Every structure is written in structure tokens, then in C-alpha cells.
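Here the structure is laid out as C-alpha cells; the discussion comes afterwards.
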Amino acid sequence: MPELPEVETVARRLNDTAAGAALEKIIVLDKKLSIPDRKNLRGAVLRRVVRAGKTVVLELSGPESQRLLQIHLRMSGRLFWIDKAENTIHTFDGYVSNVKGVGRKHCRVRFLFDSGTLLFVDPRRFGTVKLVRSAQELDIPGLDPTGSDFTLAVFRKLLGESAQKIKVWLLRQDRITGLGNIYASEILFDSGIDPERTVGSLNSAEIKRLHSSIRKILRNAIKHCGTTFSDFQSSEGSLGEYQNYLKVYGRAGEKCADCDAKILRVVQAQRSTFYCPQCQA
DNA sequence: CTTTCAGCCTGGGCGC
DNA sequence: TGCGCCCAGGCTGAAA
């Protein structure tokens, strides 16, 4: 569950749930992952959890050192919190339950805290974990589109005259960090721009609409706690509801929300793109 | 520099 | 039930 709004949701919820907990032990279960000198973190306090780009960052302060633990969920990574006192499992993406056995399969790292256990579960094993000493060392390749420095002028400069297709460009994390396949399609629909257009062909008005759509769609998705594709229903009804607002993503063959045309699916850079050929002409 | 494409992994869904 | 495909919210590195 990994684009900016989903990661933002997870980071906020985990922060609310686990901030202040003291770390006792880190157990790495996947040989692909390693956390060098993690023993030095014993006793470190989880100050807060924030989002950086598409990653979740745990800010830990120990008796001797400060460390930032950066978790990238990639395609299938999820975080679970097993609360000691409540004996419940929090998933941060739509439900709370006491289901037994969650995370037994595909659990890659267990972070044992005094008040509970954080599980990093990742079936496809694309996710990464990185321990760094300062915010400067965090892996944040490009600009955060929700920040105040993501202005229209900065966006114009960033776009330049690239010959790349705009949809493909929006996925470039070294330019804007946080957009993924769902929101790139949704943003282009919102701004009425054909995903096949090249960056250099966009006129001033289109760039302005695009900038505004990026801000608007992300704000709205964060407000609805992101998009959740899950088998289980939310027991709270308040988290991960943006799937109900998607206008084109995953809707190939369906009628467009704004006209009579049918939503198309095309493949660009080996990723599906969904769009309305009439609204995005 | 660009674009394409296999690869990293596992699992779910669908047609036969 | 089973097999073979295709698909999946991400990204890298090699090749062309």
C-alpha cells in the first residue's frame, strides 16, 4: 500500500500508536535485509514517526546515539502493531482487529518495544529497511509535492522541456517523490491531460492545471486516508476510503464519470495507465 | 543523454 | 482441482 497518501496515513497512525515506546530488540527474519549495528539501538525511544517521500521514518533516540530507521514498503509492504496492553493488532490501513496469526507469514522484521511489537510484513520482499544517522542521509530523491516549496514556478522548472510522456514523468521519484501509479492516472484525469502527451508539449495553462491537480488529489487522498484494496472491511469505516473516489484507476471498460466514453487502459513504461480518451484529449 | 526491458518476489484471479 | 497465463500501489540496472 505504498503511494504518498497511504504512507502518510501509516506514518501518522503509527506515530499516534507507538510514539514514546522503548525499543528492546530488532529481529531480522529476511536474509535480504540487514540492519547494521542494530544492537546499539537497545533502549532507544521512538520519538516520532514521519513520512519522507514514500517511506516511513522512525526517529529513535538512544542513550548514545540518534538514529533514523527508514522503511520503504514498495509494492506489498505493510506495518502492523501488536499492542501489549490491548492485545490487538493495528494495521494502520483500515482496520483494527485481534485476528491471530497476522504477520506469521511473510514477516520480515520484528521490532520489539516495551509496549508492543512492530511487524514489517512484506510478501513480495521488495521492501527495504535502512538505518541512518541524520535526516540528510535519508533516501529522498526528489521534491515532496505536498510541501510549501512545491510551487507552480518550481514545478515548471522541474518539468523543463523533457520529451518523456507526462504519465511516465510523474512516476519519476527523482523529480517529485511520492506519486505512484494510482495517483498519476487520477491526477492526469483531474487536469484533463492525455497521459501520452510529452512534457515539452504542455502549455502554460496545462502545467498550471496539472500542478493544481497534484496538490488537490493528494490533499483529498490524504484526507480520506489513502486507497485500500483489501479483502476485509474496515471496522472503523474511517480509514483508507479513497478507493471510493478513484475516477479512472482500475476502471478500464467502465463508463467515464464525466462523459459517455469508456475508460481505456494502456501500458506505458511497463505500467498500466488509465484514462478517458474524451476528457483527456 | 534517452528509452526499453528483464528482473527482483509472491500471490490472486481468470480461462481452460 | 490444476495449470498456465496475466496482473499487482515500486524501482534498479543493463542494454540498445
Side-chain angles (χ1 to χ4, degrees), chain A residues 1-11 29-34 51-56 70-79 91-94 102-109 120-130 138-142 145 159-189 195-201 217-218 220-222 224-232 239-253 264-274:
Chain A
M1 27 161 307
E3 290 182 52
L4 189 153
E6 292 76 38
V7 179
E8 176 77 31
T9 302
V10 169
L29 301 159
D30 185 344
K31 274 176 259 168
K32 273 179 72 176
L33 303 173
S34 70
R51 175 187 63 78
K54 269 182 199 170
T55 67
V56 176
Q70 185 173 32
I71 302 172
H72 199 317
L73 304 170
R74 295 288 180 104
M75 291 288 264
S76 62
R78 296 178 72 192
L79 295 175
T91 64
F92 311 118
D93 53 16
V102 167
R104 201 164 291 174
K105 211 179 178 188
H106 308 310
C107 184
R108 308 305 175 196
V109 186
F120 175 40
V121 176
D122 184 19
R124 291 178 73 178
R125 301 170 68 204
F126 291 168
T128 58
V129 177
K130 185 182 175 186
L138 288 174
D139 208 357
I140 309 170
L159 283 168
E161 295 293 318
S162 170
Q164 205 157 32
K165 304 266 169 58
I166 184 58
K167 156 62 163 45
V168 177
W169 191 93
L170 289 174
L171 295 180
R172 288 185 62 167
Q173 304 298 300
D174 62 331
R175 296 299 193 266
I176 292 173
T177 307
L179 298 182
N181 217 30
I182 295 177
Y183 297 106
S185 280
E186 293 299 315
I187 285 162
L188 287 169
F189 176 80
E196 299 276 12
R197 293 276 301 282
T198 64
V199 170
S201 76
I217 296 287
L218 289 178
N220 217 3
I222 290 170
H224 291 282
C225 297
T227 301
T228 312
F229 301 127
S230 53
D231 300 332
F232 36 77
L239 288 172
E241 297 291 332
Y242 197 75
Q243 62 276 18
N244 302 320
Y245 300 89
L246 297 176
K247 292 196 168 172
V248 288
Y249 184 84
R251 297 194 182 280
L264 297 183
R265 171 186 175 270
V266 295
V267 175
Q268 296 178 291
Q270 300 165 268
R271 312 292 306 279
S272 291
T273 299
F274 299 90

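We use all heavy atoms of the structure for the numbers below, so side chains are in, but hydrogens, waters and symmetry mates are not. First the proteins, then the strands, lettered A, B, ... as listed; each starts at 1. The shown structure was predicted, so the numbers you read here are calculated from the model rather than taken from an experiment.
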Are OP1 or OP2 of [N] and a side-chain N or O of [X] less than 4.0 angstrom apart?
{"X": "Lys54(A)", "N": "dG9(C)", "answer": "no"}
{"X": "Gln173(A)", "N": "dG10(C)", "answer": "no"}
{"X": "His72(A)", "N": "dG10(C)", "answer": "no"}
{"X": "Lys32(A)", "N": "dC8(B)", "answer": "no"}
{"X": "Ser272(A)", "N": "dA8(C)", "answer": "yes"}
{"X": "Arg271(A)", "N": "dG10(C)", "answer": "yes"}
{"X": "His106(A)", "N": "dC9(B)", "answer": "no"}

Select from Pro123(A) and Lys165(A) the residue whose nearest nucleotide in DNA chain B is closer to the 5' end of that strand.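 Whichever sits nearer the 5' end wins; that is Lys165(A).
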Using atom [atom1] of [X] as one end and atom [atom2] of [N] as the other, report the distance to the nearest whole Å.
{"X": "Arg78(A)", "N": "dG10(C)", "atom1": "CZ", "atom2": "P", "answer": "16 Å"}
{"X": "Asn181(A)", "N": "dC11(C)", "atom1": "CG", "atom2": "C1'", "answer": "12 Å"}
{"X": "Asp174(A)", "N": "dT3(B)", "atom1": "CG", "atom2": "P", "answer": "12 Å"}
{"X": "Arg175(A)", "N": "dC11(C)", "atom1": "CZ", "atom2": "P", "answer": "15 Å"}
{"X": "Gln270(A)", "N": "dC6(C)", "atom1": "CD", "atom2": "C1'", "answer": "14 Å"}
{"X": "Met75(A)", "N": "dG7(B)", "atom1": "CE", "atom2": "C1'", "answer": "13 Å"}
{"X": "Arg124(A)", "N": "dG12(B)", "atom1": "CZ", "atom2": "P", "answer": "12 Å"}
{"X": "Gln268(A)", "N": "dT4(B)", "atom1": "CD", "atom2": "P", "answer": "10 Å"}

Using a 4.0 Å heavy-atom cut-off, does [X] contact any base of the nucleic acid, only the sugar-phosphate backbone, or nothing at all?
{"X": "Ala269(A)", "result": "nothing"}
{"X": "Tyr249(A)", "result": "sugar-phosphate"}
{"X": "Arg265(A)", "result": "sugar-phosphate"}

With both distances kept under 3.5 Å, what pairs with dC5(C), Watson-Crick or G-U wobble?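 Check on dC5(C): paired to dG13(B), both distances under 3.5 Å.
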Using the P atom in both, what is the distance from dC3(C) to dC9(B), to the nearest Å?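 The answer is 24 Å between these two P atoms.
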For nucleotides dC11(C) and dG11(B), find the distance between their P atoms and express it as a whole number of Å.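 Taking atom P in both dC11(C) and dG11(B), they lie 22 Å apart.
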Flag the pair Asp30(A) and Arg125(A) as a salt bridge only when some basic side-chain nitrogen lies within less than 4.0 angstrom of an acidic carboxylate oxygen.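 Counted as a salt bridge, because a side-chain N and a carboxylate O are separated by less than 4.0 Å.
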Would you state whether a donor and an acceptor, one from the side chain of Arg125(A) and one from the base of dC9(B), lie under 3.5 Å apart?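 Per atom types, no contact qualifies.
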Measure across [X] and [Y] and return the closest heavy-atom pair with its distance rounded to 0.1 Å.
{"X": "Gln164(A)", "Y": "Ser162(A)", "answer": "N-OG, 3.0 Å"}
{"X": "Glu3(A)", "Y": "Asn181(A)", "answer": "OE2-N, 3.4 Å"}
{"X": "Leu170(A)", "Y": "Leu179(A)", "answer": "O-CB, 3.5 Å"}

Does Phe126(A) lie flat on the base of dG10(C), that is, centres under 5.5 Å apart and planes under 30° off?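 A stacking contact exists, since Phe126(A) sits close and nearly parallel to the base ring of dG10(C).
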Side chain of Phe229(A), heavy atoms from C-beta onward: which of dG9(C), dC5(B), dC11(C) has the nearest atom to it?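 Shortest atom-to-atom distance from the side chain points to dG9(C).
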Plane angle bin for Phe229(A) and Tyr249(A) - parallel if under 30°, tilted between 30 and 60°, otherwise perpendicular: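 It falls in the parallel class, under 30°.
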Apply side-chain contact (heavy atoms from CB on, under 4.5 Å) to residues Thr128(A) and Ile71(A) and explain how you reach the verdict. CA-CA 6 Å; Thr128(A) 58; Ile71(A) 302 172; over 6 Å; no
